[in-house]
Amino acid sequence: MFLAPRGTIDILPEDQPYWLYVYDQIRRVAQLFDYQRLDIPIFEDTGLYVRGVGQGTDIVDKEMYSFVDKGGRDITLRPEFTAGIMRSYIQNGMRTWPQPVKVYTTGPIFRYERVQAGRYRQHTQFDIESIGSSDPAVDLEVMSVAWQLFSELGFRQLSFQLNSTGCPACRPAYIQKLVSYYEGQREHICEDCKRRLERNPLRVLDCKVETCQPIIAGAPHIQDDLCPECAEHFSTLRGYLDALGRPYTINHRLVRGLDYYTKTVFEVWAQGIGAQNAVCGGGRYDGLAEEIGGEPTPGIGFGSGIERIVMLMKEQGVQIPQPGASQVVLVYHGQPSKMRCIQLLDGLREAGIAATMGFDDRSLRAQLRNANRIGAPYALVLGEQELVADQIVLQDMQGDAPRETLALDDTVRVLKARLGMDTACTA
RNA sequence: GUGGGCGUAGCCGAGUGGUUAAGGCAUCUGGUUGUGGCCCAGAAGACCGUGGGUUCAACUCCCACCGCUCACCCCA
C-alpha cells in the first residue's frame with residue numbers, strides 16, 4: 001500500500017471548485033494589471049538557486065530537492081519562482097522588450113521541510129514579477145495586484161506588512177550595528193538568536209521567544225540607517241500607498257529569508273491557516289540579475305501559496321460558483337438498447353449537452369439511483385419497448401413531473417429546449 | 001534537526017485483558033421480471049499501522065519501528 005509522499009496532498013474533485021475559482025481570479029486580475037503569463041521549468045540548474053537565493057539561506061542549505069541527472073548535471077526542483085523567471089528574462093533577451101516586463105505564473109514549488117498545517121513539501125504558488133524598473137510606483141502596482149486579488153476573493157481582516165531592508169550600500173552597516181548591539185546582550189538572548197547572528201543576523205528581529213522581545217524592542221531600526229536612495233524609495237512608496245488609502249503596517253521586524261531582497265519587502269498576513277500567517281510574501285530584488293550573471297536589472301514581485309488561499313476561503317466561508325454535474329444520464333435495459341444509448345450519448349455530447357450513461361448492465365433501479373446521486377436534472381430511459389417504438393422516456397429527476405415519452409429522433413432538440421440552450425442558431 | 005498528540009473497513013467511530021471486533025455514512029444487491037429520492041432487508045468491506053515482549057489469554061498493558069498530525073525552526 002502506497003501513500004502520497006510526506007508533505008504532498010491530493011486535491012480531490014470536491015476541492016477543485018476552489019482551485020479553479022482562484023485560478024480564474026488570478027487570470028482576471030493579472031489581465032487587469034497587464035501582466036502576461038510565463039511558464040518556466042519545474043527544475044533548473046542547481047547553481048541558479050545557490051547563486052540567486054544565496055548560500056546561508058535555509059532554502060539552499062537544507063530544503064532543496066536536488067539530484068544529479070543521467071547526464072551528470074546538478075538539478076534542483078524549483079524551491080521558488082523568482083530566480084527562474086529572472087533566468088528566463090536574461091536568457092530570452094527580455095531587456096529588449098518594453099520595460100518593465102510584467103509576468104505571472106502558477107505552479108508547484110518544492111521544499112524539503114517539516115510538514116505542518118499550511119506547510120507542504122510540494123505547494124502551489126501564484127507568482128508575479130515586474131522586471132526592469134526601479135520606480136516605487138512599480139512596487140505599488142505589484143502590491144496592488146495582491147490587494148485586488150485578495151479583496152476580490154472576498155477575504156476580510158488581512159494585514160499588509162511593509163518594511164525596507166536596504167541595499168548593499170546601507171544594509172551591511174546596519175547589520176554591523178545590529179550585531180554589535182546584540183553582542184552586548186549576548187547572555188540574555190535565546191540559542192536560536194545566537195545562531196542567527198552567525199548565519200542571518202536580520203532574522204533575530206523575527207524571533208518569537210519571550211525573553212528576546214525586550215532585546216528586539218531596543219534594537220536599532222533599519223529605517224534609521226537607510227541610505228538616501230533607499231530612504232527616498234521607501235518614503236515615496238509610502239506616499240503612493242497613502243494616496244490610495246491603502247492600510248498597511250510598517251513592520252521593522254519584517255525580514256526575508258532569501259538573500260536577493262533589497263529595499264521593499266512585504267507580506268500579507270491572515271489568521272486561520274495554523275501557525276502560518278503569510279498568504280503572500282515578496283519584495284524588491286535589484287541585485288538578483290547580476291548575481292546570476294546578467295546585466296544589472298531591478299525587479300520586484302511576490303509569491304502567494306494557493307493551498308493557504310484555499311484554506312482561508314474555507315475558513316472565511318467564501319462562496320464559490322458550484323460546477324454543474326452531467327445534465328442528463330442515459331439509462332438502458334437490454335443489449336440493443338445499450339447500443340442505441342451509446343449512439344445517443346455520442347450525439348448528445350456532440351450537441352454540447354453534458355451527458356453520461358449507466359454501465360455494467362445494472363438494473364434500471366440501480367442506474368436511476370446512480371443518476372439521482374450524481375445530481376443530474378434529467379434521465380433518459382431506453383428499454384426494449386421504447387426501442388421498438390423509436391421512442392425514449394424523459395424523466396425529470398428534480399421534481400415529481402410525470403414521465404414523458406419522446407420520439408427518439410427528437411431527443412436532442414427537446415433536451416436543448418429543456419436545458420435552456422438556444423436552438424435557434426444551431427439549427 | 002527537536003518536542004507534543006494520534007494510528008480500529010473508503011470516511012466517522014464504539015470497544016481499556018476473556019467466546020464470531022458495535023454502530024453510522026458511503027458502496028453493492030433485493031423489496032417493484034423495466035424506474036430515482038424516503039423507508040425496509042441483506043451483502044461485501046478490518047491480518048485492530050508493523051514487529052517484538054508480558055500474560056493461560058492482548059485491539060486493550062510494555063518496548064521499538066513506521067506512519068499521520070500539530071508546534072518549534074523557516075516560509076507561501
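Just so we're on the same page: letters track the sequence lines, and every chain starts at 1. Just the heavy atoms: all of them, side chains too, but no hydrogens, waters or symmetry mates, feed the values below.
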Undergrad: Classify A:Val381 by what it touches in the nucleic acid, base, sugar-phosphate, or nothing, heavy-atom distance under 4.0 Å.
TA: base

Undergrad: Within the 4.0 Å heavy-atom criterion, would you say A:Gly274 contacts the bases, only the backbone, or no part of the nucleic acid?
TA: sugar-phosphate

Undergrad: Please confirm whether any donor atom in the side chain of A:Glu113 sits under 3.5 Å from an acceptor in the base of B:G1, or the reverse.
TA: no

Undergrad: Write down the distance between CD (A:Gln276) and C1' (B:C72), rounded to a whole number of angstrom.
TA: 11 Å

Undergrad: Tell me what A:Gly282 touches on the nucleic acid: a base, only sugar-phosphate, or nothing, going by heavy atoms under 4.0 Å.
TA: nothing

Undergrad: Counting only heavy atoms not in A:Gln157, do more than 12 fall under 6.0 Å of its CD?
TA: no

Undergrad: Which is true for A:Gln385 with a 4.0 Å heavy-atom rule: it touches a base, it touches only sugar-phosphate, or it touches nothing?
TA: base

Undergrad: If you measure from the C1' atom in B:U50 to the same atom in B:C28, how many Å do you get, rounded?
TA: 32 Å

Undergrad: Without decimals, in angstroms, what is the distance between A:Trp269 CH2 and B:C75 C1'?
TA: 13 Å

Undergrad: Answer with base, sugar-phosphate or nothing: what part of the nucleic acid does A:Gly303 contact at a heavy-atom distance below 4.0 Å?
TA: sugar-phosphate

Undergrad: Can you check whether A:Arg365 has a side-chain N or O nearer than 4.0 Å to OP1 or OP2 of B:G37?
TA: no

Undergrad: Using the side-chain heavy atoms of A:Arg308, tell me which of these nucleotides is nearest: B:C75, B:C68, B:C73.
TA: B:C75

Undergrad: Report the residues that fulfil salt bridge (Lys or Arg N to Asp or Glu O under 4.0 Å) with A:Arg253, sequence neighbours left out, ordered by chain and then residue number.
TA: none

Undergrad: Determine whether the aromatic ring centres of A:Phe302 and A:Phe126 lie less than 6.0 Å apart.
TA: yes

Undergrad: State which of B:U35, B:C73, B:G31 makes the closest approach to the side chain of A:Arg403.
TA: B:U35

Undergrad: Using purine N1 to pyrimidine N3 plus N6-O4 or O6-N4 for Watson-Crick, or N1-O2 and O6-N3 for G-U wobble, both under 3.5 Å, which nucleotide pairs with B:U2?
TA: B:A71

Undergrad: For a quick check of understanding: with a heavy-atom distance under 4.0 Å over all strands, which category does A:Asp61 fall into, base, sugar-phosphate or nothing?
TA: nothing

Undergrad: Which one is paired to B:G42, where only Watson-Crick or G-U wobble pairs with both distances under 3.5 angstrom count?
TA: B:C28

Undergrad: When all nucleic acid strands are considered with a 4.0 Å heavy-atom cut-off, which category describes A:Arg196: base, sugar-phosphate, or nothing?
TA: sugar-phosphate

Undergrad: Compare side-chain N and O positions of A:Ser363 against OP1 and OP2 of B:U29 and report whether any pair is under 4.0 Å apart.
TA: no

Undergrad: Can you check whether A:Gln116 has a side-chain N or O nearer than 4.0 Å to OP1 or OP2 of B:A71?
TA: yes

Undergrad: Could you give the distance separating B:C72 and B:C12 at their C1' atoms, to the nearest angstrom?
TA: 31 Å

Undergrad: Base, sugar-phosphate alone, or nothing: which one does A:Glu384 contact when heavy atoms must sit under 4.0 Å apart?
TA: base

Undergrad: Check every strand shown and say whether A:Arg111 touches a base, only sugar-phosphate, or nothing at a heavy-atom separation below 4.0 Å.
TA: base

Undergrad: Return the 5'-most residue of the pair A:Tyr120, A:Val115 with respect to RNA chain B, ranking by each residue's nearest nucleotide.
TA: A:Val115

Undergrad: When you compare B:C65 with B:G3, how far apart are their P atoms, in angstrom units rounded to a whole number?
TA: 12 Å

Undergrad: Indicate, with a heavy-atom threshold strictly under 4.0 Å, whether A:Gln395 touches base, sugar-phosphate, or nothing.
TA: base

Undergrad: Is the phosphate of B:C28 approached by A:Arg369 (side-chain N or O, under 4.0 Å from OP1 or OP2)?
TA: no

Undergrad: Under a 3.5 Å cut-off for both contacts, is B:C61 paired Watson-Crick or G-U wobble with anything, and if yes, with which nucleotide?
TA: B:G53

Undergrad: Please state how far atom CZ in A:Phe2 lies from atom C1' in B:G67, giving the value in whole angstrom units.
TA: 15 Å

Undergrad: Counting side-chain heavy atoms from CB outward, which of B:G37, B:C72, B:U35 is closest to A:Arg114?
TA: B:C72

Undergrad: When the nearest nucleotide of RNA chain B is assigned to A:Ala275 and to A:Gly7 on a heavy-atom basis, which residue is associated with the more 5' position?
TA: A:Gly7

Undergrad: What is the separation between atom CG on A:Asp127 and atom P on B:A76, rounded to the nearest whole Å?
TA: 10 Å

Undergrad: At under 4.0 Å between heavy atoms, what does A:Leu3 touch on the DNA or RNA strands: base, sugar-phosphate, or nothing?
TA: sugar-phosphate

Undergrad: For the atom pair OG1 (A:Thr249) and CG (A:Leu254), what is the distance rounded to the nearest 0.5 Å?
TA: 10.5 Å

Undergrad: When the C1' atoms of B:A9 and B:C59 are compared, how many Å lie between them, rounded to an integer?
TA: 14 Å

Undergrad: Can we say A:Asp286 and A:Arg284 salt-bridge, meaning some charged N sits less than 4.0 Å from an Asp/Glu carboxylate O?
TA: yes

Undergrad: At under 4.0 Å between heavy atoms, what does A:Gln398 touch on the DNA or RNA strands: base, sugar-phosphate, or nothing?
TA: base

Undergrad: Between B:A71, B:G37, B:C75, which one does the side chain of A:Ala117 approach most closely?
TA: B:A71

Undergrad: Suppose you measure atom P in B:G13 against the same atom in B:G18; what distance do you get, rounded to whole Å?
TA: 23 Å

Undergrad: Within the 4.0 Å heavy-atom criterion, would you say A:Ala278 contacts the bases, only the backbone, or no part of the nucleic acid?
TA: sugar-phosphate

Undergrad: The side chain of A:Ala366 lies closest to which of these nucleotides: B:U29, B:U35, B:A26?
TA: B:U29

Undergrad: Give a yes/no on whether any side-chain N or O of A:Arg362 is located under 4.0 angstrom from OP1 or OP2 of B:U29.
TA: yes

Undergrad: With C1' as the reference atom in both, quote the distance from B:G1 to B:A44 in angstrom, rounded to an integer.
TA: 46 Å

Undergrad: Separation of A:Gln122 atom CD from B:A76 atom C1', in whole Å?
TA: 13 Å

Undergrad: When you compare B:A41 with B:G10, how far apart are their P atoms, in angstrom units rounded to a whole number?
TA: 25 Å

Undergrad: Over all strands shown, is A:Asn277 touching base, sugar-phosphate only, or nothing at heavy-atom distances under 4.0 angstrom?
TA: base

Undergrad: Is there a donor and acceptor pair, one atom on the side chain of A:Arg203 and one on the base of B:C73, closer than 3.5 Å?
TA: no

Undergrad: Using a cut-off of 6.0 Å, state whether more than 12 heavy atoms not belonging to A:Arg37 lie near its atom CZ.
TA: yes

Undergrad: Roughly how many Å is it from CD in A:Glu404 to C1' in B:U35, rounded to a whole number?
TA: 16 Å

Undergrad: Checking A:Gln148 side chain against A:Ala30 main chain: does a donor-acceptor pair fall under 3.5 Å?
TA: no

Undergrad: Measuring only the P atom in each nucleotide, how far is B:G51 from B:A43? A whole number of Å is fine.
TA: 30 Å

Undergrad: Going by salt bridge (Lys or Arg N to Asp or Glu O under 4.0 Å), name the residues that satisfy it together with A:Asp15, two or more places apart in sequence or in a different chain.
TA: A:Lys314

Undergrad: Return the value, rounded to whole Å, for the distance between atom CG of A:Leu149 and atom C1' of B:A76.
TA: 13 Å

Undergrad: Under a 3.5 Å cut-off for both distances, is B:C47 Watson-Crick or wobble paired, and to whom?
TA: none

Undergrad: Indicate whether OP1 or OP2 belonging to B:U35 is found under 4.0 Å from a side-chain N or O atom of A:Gln367.
TA: no

Undergrad: Charged N to carboxylate O below 4.0 Å: is that the case for A:Arg340 and A:Glu386?
TA: no

Undergrad: Within the pair A:Arg119 and B:A76, is there a side-chain N or O less than 4.0 Å away from OP1 or OP2?
TA: no

Undergrad: Under the side chain to side chain contact (heavy atoms under 4.5 Å, CB included) test against A:Thr124, which residue among A:Ile109, A:Val310, A:Ile9, A:Ile306 passes?
TA: A:Ile306

Undergrad: Calculate the interatomic distance between A:Lys62 atom NZ and B:C72 atom P; express it in whole Å.
TA: 14 Å

